[in-house]
Amino acid sequence: MAKRGGFPGMGGGLGGMNINQLMKEAKKMQADMEKSQVELAEKEFDATAGGGAVYVKVNGSKQIKELKIKKDVVDPEDVEMLEDLILTSINEALRKVDGEQQASLGKYNIPGLF
């Protein structure tokens with residue numbers, strides 16, 4: 001027959017772990033993750049395309065903060081090239097954000113988080 005507070009051989013809890021300790025660990029992990037997210041949101045990431053013809057800066061929240069285009073790359077006859085340079089620089093900056101996010105939050109190893 002089961003003892004009060006758990007099943008035989010289970011130490012009265014989840015594999016011998018105190019439920020209160022488990023809750024403390026979960027709260028600490030949540031606080032650490034929130035801190036990491038705030039720190040990431042405050043960081044800035046930049047990228048260029050076309051040898052520096054297009055420059056973009058984004059923050060960790062993936063908001064574009066700055067976009068610069070050199071005048072000599074603006075060609076009314078080739079708008080598609082400028083569009084490609086802008087997209088390339090923005091996507092590269094966003095990849096940097098994703099990489100930093102993986103590095104800072106990936107250590108928590110929670111399935112389905114990313």
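Counting only residues at least two apart or in different chains, side-chain hydrogen bond (donor to acceptor under 3.5 Å, both in side chains) contacts with residues 84-96 comprise E92-R95.
Applying the side-chain contact (heavy atoms from CB on, under 4.5 Å) criterion to E66, with sequence neighbours excluded, gives Y55, K57, K68. Among residues two or more places apart in sequence or in another chain, the side-chain hydrogen bond (donor to acceptor under 3.5 Å, both in side chains) test is passed with K70 by none. Every side-chain contact (heavy atoms from CB on, under 4.5 Å) that D75 has, sequence neighbours left out, goes to E77, D78.
When hydrophobic residues (I, L, V, M, F, W, Y) are linked wherever their side-chain heavy atoms come within less than 4.5 Å, the members clustered with I86 are L40, F45, V54, V56, V58, I64, L67, I69, V73, V74, M81, L82, L85, I90, L94, V97.
With rounding to the nearest 0.5 Å, the separation of CD in E44 from OG in S61 is 11.0 Å.
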Enumerate, atom names and distances included, each donor-acceptor pair closer than 3.5 Å involving a side-chain atom of residues 26-35, sequence neighbours excluded.
from: K28; atom 1: NZ; to: D32; atom 2: OD2; distance (Å): 2.9
from: Q30; atom 1: NE2; to: E34; atom 2: OE2; distance (Å): 3.4

